[in-house]
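Starting from 1, each residue takes its place in the sequence as its number.
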Amino acid sequence: MRRFLLSALLVASSFAATAQDRFVPVEQRLNAAQLAEVGLSPAQLQALNRVLREAERAAPASAALAAQPAAAVPAAPLPANVPAPAAMHLGLEEGPVTARVVGDVAGWEPGTVFTLDNGQQWQVMKGQMKLRKTVQAPQIEVIPGIAGRWFLQVDEDLPKARVFRLR
């Protein structure tokens with residue numbers, strides 16, 4: 001009888017452990033091409049899996065805290081080594097950049113670099129345009145988008161080029 005109870009306890013605990021640890025490693029979530037594109041070393045993948053597993057284990061505790069009234073959940077200060085939470089819409093907290101292009105603009109294509117009079121340099125990632133007339137030192141606006149994307153606008157009637165900042 002004692003062996004039966006011990007066996008039943010072991011089986012029950014293994015089911016509980018399996019139910020709690022539903023974590024799927026990153027290597028099993030992505031195919032080989034996606035893993036190569038991400039370019040993480042084995043040590044980085046191991047660290048990422050560890051952090052994600054710990055976050056998933058903490059999720060049920062977070063859900064229980066969220067179910068309590070707001071007054072019952074004390075606001076704990078963040079430790080010094082933990083960065084502040086990111087903005088909800090990355091990039092949108094920054095305003096547009098307005099400046100003049102140094103030189104002439106006849107158009108753009110991926111790889112074109114725009115140097116601005118404020119010292120910034122922006123390179124075109126996507127989009128191309130050939131202007132009918134070359135524009136000398138045009139006033140431009142670099143507009144933030146969602147998730148850190150930026151768009152360069154030479155004229156509001158023309159398509160925008162997706163750009164990233166070089167400096």
Side-chain angles (χ1 to χ4, degrees), residues 22-63 65-67 70 73 75-167:
R22 293 175 299 193
F23 176 75
V24 178
V26 173
E27 299 91 313
Q28 293 177 6
R29 295 181 189 190
L30 305 176
N31 62 35
Q34 291 170 323
L35 279 171
E37 183 180 342
V38 172
L40 295 176
S41 70
Q44 290 170 323
L45 273 173
Q46 184 179 13
L48 179 60
N49 281 328
R50 180 181 47 78
V51 169
L52 291 173
R53 178 175 278 121
E54 290 170 1
E56 190 171 292
R57 285 183 184 153
S62 299
L65 284 177
V73 179
L78 290 174
N81 62 346
V82 176
M88 186 60 104
H89 298 288
L90 297 174
L92 292 179
E93 69 276 359
E94 300 180 45
V97 175
T98 303
R100 287 201 172 276
V101 174
V102 176
D104 300 339
V105 176
W108 57 86
E109 61 185 18
T112 303
V113 176
F114 289 97
T115 302
L116 307 182
D117 61 359
N118 64 5
Q120 294 181 357
Q121 285 187 330
W122 295 83
Q123 184 172 351
V124 176
M125 287 178 65
K126 288 185 179 181
Q128 65 183 45
M129 181 75 182
K130 175 93 172 125
L131 301 177
R132 290 184 183 194
K133 293 192 294 186
T134 300
V135 183
Q136 296 179 347
Q139 181 82 21
I140 60 96
E141 192 169 23
V142 184
I143 303 162
I146 294 178
R149 294 181 174 149
W150 291 87
F151 299 91
L152 185 131
Q153 179 175 324
V154 175
D155 184 311
E156 64 183 29
D157 295 331
L158 296 175
K160 297 176 186 74
R162 182 166 169 207
V163 294
F164 65 94
R165 187 171 172 180
L166 295 174
R167 62 175 194 141

query = Is Arg100 reaching over with its side chain to a backbone N or O of Asp117, donor-acceptor style, under 3.5 angstrom?
reply =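 Looks like no, no N/O pair under 3.5 Å.
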Quick one: are [X] and [Y] in side-chain contact, heavy atoms under 4.5 Å?
{"X": "Ile140", "Y": "Phe114", "value": "no"}
{"X": "Val102", "Y": "Leu116", "value": "no"}
{"X": "Thr112", "Y": "Val105", "value": "no"}

What are the two closest non-hydrogen atoms of [X] and [Y], and how far apart are they?
{"X": "Gln123", "Y": "Val113", "result": "CG-CG2, 4.0 Å"}
{"X": "Asn49", "Y": "Pro25", "result": "OD1-CA, 3.5 Å"}
{"X": "Pro138", "Y": "Gly103", "result": "CD-O, 4.0 Å"}
{"X": "Ala161", "Y": "Trp108", "result": "CB-NE1, 3.3 Å"}

request  = Given side-chain contact (heavy atoms from CB on, under 4.5 Å), test Leu158 with Leu131 step by step and report yes or no.
outcome  = CA-CA 9 Å; Leu158 296 175; Leu131 301 177; 3.5 Å; yes
Interatomic spacing from [atom1] in [X] to [atom2] in [Y] - rounded to 0.5 Å:
{"X": "Thr115", "Y": "Gln120", "atom1": "OG1", "atom2": "CD", "result": "10.5 Å"}
{"X": "Arg149", "Y": "Lys160", "atom1": "CZ", "atom2": "NZ", "result": "14.5 Å"}
{"X": "Glu141", "Y": "Gln153", "atom1": "CD", "atom2": "CD", "result": "6.0 Å"}
{"X": "Lys126", "Y": "Phe164", "atom1": "NZ", "atom2": "CZ", "result": "12.5 Å"}

request  = Assess whether atom CD of Gln46 is packed by more than 12 heavy atoms of other residues, nucleotides or ligands within 6.0 Å.
outcome  =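 No.
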task = Would you indicate whether Gln128, at its atom CD, is surrounded by more than 12 heavy atoms from other residues, nucleotides or ligands within a distance under 6.0 Å?
result =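 No - once you tally the heavy atoms of other residues, nucleotides and ligands closer than 6.0 Å, there are 12 at most.
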task = Evaluate the ring planes of Trp122 and Trp150, with Trp represented by its six-membered ring, and classify them as parallel (under 30°), tilted (30 to 60°) or perpendicular (over 60°).
result =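 Answer is tilted, since the angle falls between 30° and 60°.
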